[in-house]
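Below is one structure, written out as structure tokens; the observations come after it.
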Amino acid sequence: MSLDPQAELTTADRERGLRLLVVEAGFSGGAAALTSGVILTAFALHLGASNVMVGILAAMPFLAQLLQLPAIQLVERWRRRKRIAVLSSLVGRTMLAVMAVLAFFSGTTALLIFLGAQMLLCGLGAVGGCAWNTWMRDLAPDDRLGDVFARRTVWLTAISLILGLVAALALDRTPAGSPARDMVFAAMFASGCVTGLISARIVAMMPEPLMPPAPGSIALRALLAQPLGDPNFRRLLVFVASWQFAINLATPFFTVFIVRQLHFAVSFVLLLSVASQVANILALRLWGRLSDRFANKSVLAVCAPAYILAIVAMIGASQLGDRGAVKLWLIGLHLVMGATIAGVTLASTNIALKLSPKGSATAYVAANAMTTAIAAGIAPILGGLLAQFFAARQFELVARWRSPNGIFTLPIVLTAWDFYFLLAGLIGLYAIHRLSLVREQGEIERRAMVGQVLNETRRSIRNISSVAGLRAATDLPGALLRDARTRIRLKRAQAARAGRMH
């Protein structure tokens, strides 16, 4: 095993690398599932974090991406992408062991050490990610990007699903603030450290294509001028910025909203995450096929509006009085968000790679990452700072329907985090408008893409079903449409014959 690039990659080498790319997802996904997302936020709350600290914690992975600026120069000068990715992963993931020890402590000092360890983990992850992204751009063929990364994401999501269920069960059986809860969090972060180190080992086994010789000294401003001077890629960056700001203004606080405002247990939040991941797995291959067959922008045009609508619909959870209805509402929304964010994540990653020129994609990928970092980093910090402002305010809207049988009243009351969901929806609408200005070869209209989604879904149901009634049900809309067209043709033929007779 060598950390040096190869001058020539055979077909067998490339295929081996793509297989390892999918296998590695199981271990990196395990590390992420046990130490990020809902679990990371729950751990911060367990240590006594405030809303501002939760916002900083959510912003950290994104703001750390600003380190891709020096990472660009490191990659372009050293031109050893695998070595950079492996070493940064090894050092960064040892911070998870530090966090595991912190589970047995509390107070300001523990929180500051926790934030420092997370900052180092995210920073080194950003440096390694810069090298990783351009490496993958040269390793994976254009016509297989969607399929390869869809299979990889399926593995990532499947591992997150399994470990999410285990984590939910463990947290559900341990009282909050108890020594047993300390042990559960420590075990999660220690296991995440081990699986993360195994992931680094597998990455070291993957082949790296040799980068072409550097043309000379790298001027960072000149390097970034390439993507910023590309009008179409610049339009993509505007979409990315507005989209990331919209979703990260609201989604990092879902756990806080559900636990503190709706008063559900953390284990229920993890079950919602599992439901979202199930929908994610079921939808990923569909989006991968459609992005390869048509265009990534067409997938985004369907998934992005649905995801934003689901965020706005989170307001409904605070309007319903029955807790059973609230649970069903949240589960339904998380299923929608899981299915649609699968398409958004896959298509937004692929479109940035696709619009980047081969061999010199580093600046394009890094510009996309930095745009994401700034927008997604500012949003949760701003959200945490404004939490007290919105907590002290309330907006009421009452709709009344009068009839001879009485008066029906529908009150809508927005408080605290509800404002975030509404603001995210408004900014998301602007992002979708900006997406319409991006040009990508092979894109089709949103209505046509919706039709393709329905066709693929119906085909999948027919393939997995052995029940004749279910097959007939999937064919019913098409049969009705064919019958209607036949009747119209017959009527036109009869009218034509009657006209000739007269």
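Reckoned from all heavy atoms, side chains included, excluding hydrogens, waters and symmetry mates. These numbers come from a predicted model, not from an experiment.
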Quiz item: Under 30°, 30 to 60°, or over 60°: which ring-plane class applies to Y307 and W243, parallel, tilted or perpendicular?
Solution: tilted
Side chains of [X] and [Y] in contact at under 4.5 Å (non-hydrogen atoms):
| X | Y | answer |
| --- | --- | --- |
| L382 | F245 | yes |
| L18 | P141 | yes |
| L121 | M99 | yes |
| N51 | R260 | yes |
| L271 | L165 | yes |
| F189 | L102 | no |
| R152 | M136 | no |
| P227 | M370 | no |

Closest contact, heavy atoms only, [X] versus [Y]:
| X | Y | value |
| --- | --- | --- |
| P231 | G229 | CD-O, 3.3 Å |
| F62 | G377 | CB-N, 3.7 Å |
| A117 | V98 | CB-CG1, 4.4 Å |
| T94 | C193 | CA-SG, 4.3 Å |
| R181 | P175 | CB-O, 3.5 Å |
| T340 | C303 | O-CB, 3.4 Å |

Could you give the distance from [atom1] ([X]) to [atom2] ([Y]), rounded to the nearest 0.5 Å?
| X | Y | atom1 | atom2 | value |
| --- | --- | --- | --- | --- |
| L3 | L87 | CG | CG | 6.5 Å |
| Y364 | L355 | OH | CG | 9.5 Å |
| N280 | L335 | CG | CG | 11.0 Å |
| S28 | L156 | OG | CG | 5.0 Å |
| L237 | F233 | CG | CZ | 5.0 Å |
| L120 | L124 | CG | CG | 4.5 Å |

Exercise. If a pair satisfies side chain to side chain donor-acceptor pair (under 3.5 Å) and one of its residues is in residues 96-125, list it, with sequence neighbours excluded.
Key: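 Side chain to side chain donor-acceptor pair (under 3.5 Å) check on residues 96-125 returns no pairs.
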Quiz item: Between K82, R81, R83, which is the residue that forms a side chain to side chain donor-acceptor pair (under 3.5 Å) with E208?
Solution: R81
Identify each donor-acceptor pair in which a side-chain atom of residues 35-46 lies under 3.5 Å from a protein atom, sequence neighbours left out, and give them as a table.
residue	atom	partner	partner atom	Å
T35	OG1	A31	O	2.5
S36	OG	A32	O	2.4
T41	OG1	G37	O	3.2
H46	NE2	D182	OD1	2.7

Regarding [X] and [Y], do their side chains bring together a donor and an acceptor under 3.5 Å, going by distance alone?
| X | Y | value |
| --- | --- | --- |
| S199 | E24 | yes |
| Q277 | S273 | yes |
| T371 | N368 | no |

Judged by atom type as modelled, is there a donor-acceptor pair below 3.5 Å linking the side chain of [X] to the main-chain atoms of [Y]?
| X | Y | result |
| --- | --- | --- |
| S89 | A85 | no |
| T195 | G192 | yes |
| K297 | V438 | yes |
| R234 | L228 | yes |
| W135 | P207 | yes |
| R439 | S436 | yes |
| S178 | T174 | no |
| R79 | P212 | yes |
| R93 | L197 | no |
| T345 | A342 | no |

Practice problem: Decide yes or no on side-chain contact (heavy atoms from CB on, under 4.5 Å) for L111 and M53, but give the supporting numbers first. | Solution: CA-CA 9 Å; L111 277 170; M53 195 163 287; 3.8 Å; yes
Quiz item: How far apart are the C-alpha atoms of R80 and M211, what are their side-chain angles, what is the distance that settles it, and do they pass the side-chain contact (heavy atoms from CB on, under 4.5 Å) test?
Solution: CA-CA 8 Å; R80 296 291 186 270; M211 293 180 69; over 6 Å; no
Practice problem: Apply side-chain contact (heavy atoms from CB on, under 4.5 Å) to the pair D13 and E8, showing each step before the final yes or no. | Solution: CA-CA 9 Å; D13 288 335; E8 293 185 6; over 6 Å; no
Quiz prompt | Over 12 foreign heavy atoms within 6.0 Å of CH2, W155 | solution = no
Quiz item: Near F105 CZ, under 6.0 Å, is it more than 12 heavy atoms from other residues, nucleotides or ligands?
Solution: no
Self-check item: Check against side-chain contact (heavy atoms from CB on, under 4.5 Å), F264 and V269
Solution: CA-CA 8 Å; F264 286 108; V269 182; 5.5 Å; no
Practice problem: Compute the ring centroids of F254 and F421, then answer whether they are less than 6.0 Å apart. | Solution: yes
